Q: 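Below are the structure tokens for one structure; questions will follow.
Every chain is numbered from 1, with letters handed out A, B, ... down the list of sequences. These figures come from a predicted structure and were not determined experimentally.
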Amino acid sequence: MTKPEIRVRIAPSPTGDPHIGTAYIALFNYVFAKKHGGKFIIRIEDTDQTRYRAESEAMILDAVRWFGIEWDEGPDRGGEYGPYKQSERLAHYQKWAKELVSKGHAYYCFCSSERLAGLRKKQTENKLPPGYDRHCRTLEAKEALARVEKGEVHVIRFKVPSSGVTSFEDGIRGKVEFENTKLDDLVILKADGFPTYHLASVVDDHLMKISHVIRGEEWVSSTPKHVLLYQAFGWEPPHFTHLNLLRNPDKSKISKRKHPTSILYYKRKGILPEVLRNFLALMGWNPGGDQEIFSTEEMIEKFSWERFSLGGPVFDLTKLLWMNGQYLKKKSDFEWVQLLRQNVFTEDYLLQLIPLVKERVCAFEEFIDNTSFFFNGDLKYDEAVLPPKGVVAKDASNWLVELLEKLEGLQSWTVEHIKEACENYCKEKEIKTKDLFMTLRIVISGGTVSPPLFETIHVLGKEMTRRRMRLASDSLKKR
RNA sequence: GUCCCCAUGGUCUAGAGGCCUAGGACGUCACCCUUUCACGGUGAAAACCCGGGUUCGAAUCCCGGUGGGGACGCCA
């Protein structure tokens with residue numbers, strides 16, 4: 001008998017920027033797979049049509065590739081168990097959801113979102129744990145089917161047993177138990193025919209022969225639901241391992257409001273991918289002893305879950321920067337030239353910059369001065385001049401926060417969209433464009449003189465813009 | 001509110017009952033090196049959440065509290 005193959009996956013959902021948490025989870029999945037000669041798979045979980053961003057999928061794949069871990073199967077390279085995009089696998093989920101209905105493990109539910117919202121509100125007000133009241137669970141199967149056939153809007157819910165205990169063996173936490181009475185009947189198939197995460201991941205993990213599910217701690221409390229689903233299907237569940245979540249400096253789950261979370265930010269900043277891997281590895285794991293600098297190959301060689309400690313690690317930019325310096329010092333001068341050409345002075349970036357400064361530069365000696373803020377990280381400027389005359393610091397801080405939200409919501413990062421968002425915001429808030437734009441100019445460029453604002457923001461990119469606006473609004477708030 | 005997870009300096013961590021006078025790293029401070037800055041070197045301040053057990057002995061095991069986090073969506 002040969003041992004079953006180790007197969008692990010990451011399942012990012014294309015709803016925004018490639019997330020540092022994805023890189024973290026990916027690293028441990030990858031290392032675990034390589035340690036045991038297994039396969040590492042990427043599956044795109046695009047089952048939420050409302051939050052779906054077309055450009056996000058390619059960005060995530062590119063970011064993971066940059067991060068330096070290669071996948072064996074995935075949406076772009078296929079594999080034996082494809083397709084690797086959930087939106088292309090809808091038939092599976094519908095089939096298996098109906099299977100559960102016919103076996104009596106799931107039922108049609110016709111409750112409206114309004115009813116559910118009202119229910120939740122009432123439960124919360126009465127200090128009860130929110131959850132579905134199983135209103136449709138007792139419907140006659142025949143009657144329900146008739147309503148479905150009539151075209152009534154419905155979802156499919158899973159029938160959680162009303163007694164008993166569901167447990168699983170976590171790879172690093174040991175046995176975790178939940179009482180079934182504490183679980184509610186989760187939706188597995190939405191009204192639009194798309195599956196929820198719970199159904200899709202269980203079906204796919206089974207179909208793709210995933211042996212170990214290594215994911216973030218936020219999934220611990222839904223794992224019993226997944227185990228129950230496996231049981232209902234009559235499938236063998238995979239091994240589950242839940243990693244601690246990366247934290248903001250205030251210990252809450254890492255979030256872009258409080259900490260840069262985009263992988264692109266770190267890339268843009270000039271962090272080497274091998275440093276990010278080394279640093280992330282240290283968030284919970286270490287090779288033993290005092291060694292802190294190590295390659296991913298070394299990590300694979302020495303890896304075991306026994307050396308993984310729980311407790312949410314705060315992601316410390318300062319130490320990351322120190323480590324990056326350690327690596328950079330060891331690079332040869334020639335390697336530096338290569339790295340600078342590949343990461344900083346790229347043809348592509350220079351071509352974006354030149355049109356912005358061409359008219360204001362008479363000789364190349366002026367080029368650096370005119371573009372330095374495009375290459376710098378966090379800027380230094382006199383905060384006193386940030387709020388326009390007659391505006392209090394706190395208001396200016398709010399402008400930045402609110403405008404940033406608008407910019408985050410943009411469907412694409414184009415000059416037109418940025419311009420529109422900024423101008424609309426001024427109109428909405430009855431702010432003088434001159435006031436907002438000067439503040440913004442200083443925040444973005446560090447000075448009162450710069451190339452055209454929207455073009456500048458566009459070229460600077462979302463990650464840096466976000467960082468500078470957040471930093472500025474935070475320090476304004478404190479004034 | 002309910003359930004689940006976690007708990008060593010400000011931060012990342014070592015520590016698997018005596019090796020702990022709790023080790024390393026980042027950061028901080030001081031000094032040295034140096035025309036400056038940085039690097040580098042030396043040193044310092046800084047932690048076992050609290051209370052009960054178990055044990056000859058507990059940072060380490062058990063229980064309870066406290067604290068932090070996560071989850072409770074037709075989001076993942």
Side-chain angles (χ1 to χ4, degrees), chain A residues 11-16 19 21-22 44-52 86 109-117 119-120 123-132 153-157 166-168 170 172-184 186-201 215-225 242-254 278-293 306-323 325-326 328-329:
Chain A
S13 76
T15 53
H19 200 275
T22 304
I44 298 292
E45 309 232 317
D46 55 345
T47 56
D48 184 345
Q49 298 198 285
T50 56
R51 294 200 309 154
Y52 177 74
Q86 291 187 328
C109 169
F110 305 92
C111 294
S112 67
S113 317
E114 293 72 36
R115 176 174 186 275
L116 297 175
L119 183 65
R120 260 194 298 277
Q123 288 163 330
T124 314
E125 276 167 6
N126 294 326
K127 307 212 168 180
L128 288 166
Y132 183 57
V153 175
H154 65 278
V155 301
I156 295 180
R157 280 184 189 271
T166 301
S167 68
F168 65 94
D170 187 278
I172 42 188
R173 286 158 216 268
K175 192 173 185 182
V176 184
E177 289 185 318
F178 289 82
E179 282 181 41
N180 292 158
T181 49
K182 296 292 194 297
L183 275 28
D184 72 346
L186 58 149
V187 172
I188 55 175
L189 204 71
K190 310 182 216 177
D192 63 4
F194 276 65
T196 58
Y197 170 85
H198 307 291
L199 207 227
S201 72
R215 72 221 309 190
E217 191 190 355
E218 74 251 53
W219 294 109
V220 171
S221 48
S222 37
T223 302
K225 297 175 179 180
H242 294 93
L243 268 40
N244 44 221
L245 262 15
L246 262 20
R247 306 292 180 86
N248 294 315
D250 69 0
K251 301 268 190 184
S252 57
K253 171 174 157 181
I254 201 165
N278 188 163
F279 184 74
L280 251 18
L282 242 19
M283 306 266 90
W285 188 83
N286 72 80
D290 293 338
Q291 189 185 5
E292 289 202 306
I293 306 285
E306 261 115 82
R307 298 215 59 82
F308 193 91
S309 63
L310 296 163
V314 172
F315 191 109
D316 180 13
L317 264 342
T318 317
K319 188 159 179 176
L320 172 65
L321 220 48
W322 164 80
M323 188 180 279
Q326 294 297 309
L328 245 22
K329 273 189 251 304

Q: For the P atoms, the ones on B:A47 and on B:G23, what distance do you get once it is rounded to whole angstrom?
A: 11 Å

Q: Should A:Leu243 and A:Phe308 count as side-chain neighbours, where that means a heavy-atom distance under 4.5 Å?
A: yes

Q: Does A:Asp48 reach the main-chain N or O of A:Tyr197 with its side chain, forming a donor-acceptor pair under 3.5 Å?
A: no

Q: Using a 4.0 Å cut-off on protein heavy atoms (strictly under), produce a 5'-to-3' string for nucleotides 4-20 of chain B with B for base contact, S for backbone-only sugar-phosphate contact, and - for none.
A: SBS----SBSSS-----

Q: Rounded off to whole Å, could you give me the CG-to-C1' distance for the A:Leu328 and B:A38 pair?
A: 14 Å

Q: C1' atom, B:G41 versus B:G64: distance in rounded Å?
A: 49 Å

Q: Return the 5'-most residue of the pair A:Asp46, A:Leu320 with respect to RNA chain B, ranking by each residue's nearest nucleotide.
A: A:Leu320

Q: Contact class for A:Cys111 (heavy atom, under 4.0 Å): base, sugar-phosphate, or nothing?
A: base

Q: Find the partner of B:C49: check Watson-Crick (N1-N3 plus N6-O4 or O6-N4) and G-U wobble (N1-O2, O6-N3) distances, both under 3.5 Å, and reply none if neither fits.
A: B:G65

Q: Can you list the residues that meet the side chain to side chain contact (heavy atoms under 4.5 Å, CB included) rule with A:Thr166, with sequence neighbours excluded?
A: A:Asn180, A:Pro224, A:Val227, A:Leu228

Q: For the residue pair A:Ile188 and A:Lys225, establish whether any side-chain heavy-atom pair is separated by less than 4.5 Å.
A: no

Q: Could you check how far CG of A:Asp48 sits from P of B:A76, rounded to whole Å?
A: 5 Å

Q: Between atom CG in A:Asn248 and atom C1' in B:G70, what is the gap in whole Å?
A: 13 Å

Q: B:U11 and B:G27: how far apart are their C1' atoms, nearest whole angstrom?
A: 8 Å

Q: Scan A:Thr47 against the nucleic acid and name what it touches under 4.0 Å (heavy atoms): base, sugar-phosphate only, or nothing.
A: sugar-phosphate

Q: For B:C75, what is the paired nucleotide under Watson-Crick or G-U wobble rules, both distances under 3.5 Å?
A: none

Q: Between A:Leu186 (CG) and B:C75 (C1'), how many Å, whole number?
A: 14 Å

Q: Say you pick atom P in B:C4 and the same atom in B:U42; how far apart are they, in whole Å?
A: 50 Å

Q: Just name whichever nucleotide pairs with B:A44, Watson-Crick or G-U, keeping both distances under 3.5 Å, else none.
A: B:U28

Q: Once you measure the plane-to-plane angle for A:Trp219 and A:His198, does it fall in the parallel (<30°), tilted (30-60°) or perpendicular (>60°) bin?
A: perpendicular

Q: What nucleotide among B:C75, B:G1, B:G27 has an atom nearest to a side-chain atom of A:Lys190?
A: B:C75

Q: Look through every strand shown and name the nucleotide pairing with B:U35 as Watson-Crick or G-U wobble, where both distances are under 3.5 Å.
A: none

Q: Report the relative orientation of the aromatic rings in A:Phe168 and A:His242; use parallel for angles under 30°, tilted for 30 to 60°, perpendicular for over 60°.
A: perpendicular

Q: Let me know the distance between CZ of A:Arg215 and P of B:G70, rounded to the nearest Å.
A: 17 Å

Q: Tell me which nucleotide, if any, is Watson-Crick or G-U wobble paired with B:A14 when both distances must be under 3.5 Å.
A: none

Q: Can you tell me how far P of B:C74 sits from CG of A:Leu119, to the nearest Å?
A: 11 Å

Q: When rounded to the nearest Å, what value does the distance between P atoms of B:C37 and B:A30 take?
A: 13 Å

Q: For B:A46 and B:C26, measure between their C1' atoms and round to the nearest Å.
A: 13 Å

Q: Side chain of A:Gln291, backbone of A:Ile293: donor and acceptor closer than 3.5 Å?
A: yes

Q: Can you work out whether A:Gln86 or A:Asp184 has the more 5'-proximal nearest nucleotide on RNA chain B?
A: A:Asp184

Q: From B:A76, B:G73, B:C26, pick the nucleotide closest to the side chain of A:Trp219?
A: B:A76

Q: Roughly, in whole Å, what's the span from OH in A:Tyr52 to P in B:C74?
A: 23 Å

Q: From CD of A:Gln123 over to P of B:A71, roughly how many Å is that when rounded to an integer?
A: 19 Å

Q: For B:U21, what is the paired nucleotide under Watson-Crick or G-U wobble rules, both distances under 3.5 Å?
A: none

Q: Give A:Gln49 one of three labels, base, sugar-phosphate or nothing, depending on what nucleic acid heavy atoms sit under 4.0 Å from its own.
A: nothing

Q: Considering only atom P, compute the distance from B:C6 to B:C61 and round it to an integer number of Å.
A: 12 Å

Q: How far, in whole Å, is B:G18 from B:U54 if one measures between their C1' atoms?
A: 16 Å

Q: Tell me if a side-chain donor or acceptor on A:Gln123 pairs with a main-chain N or O of A:Gly131 at a distance below 3.5 Å.
A: yes

Q: Side-chain N or O of A:Arg157 versus OP1/OP2 of B:C74: is the shortest distance under 4.0 Å?
A: yes

Q: Got a sec, which residues hit side chain to side chain contact (heavy atoms under 4.5 Å, CB included) with A:Ala117, two or more places apart in sequence or on another chain?
A: none

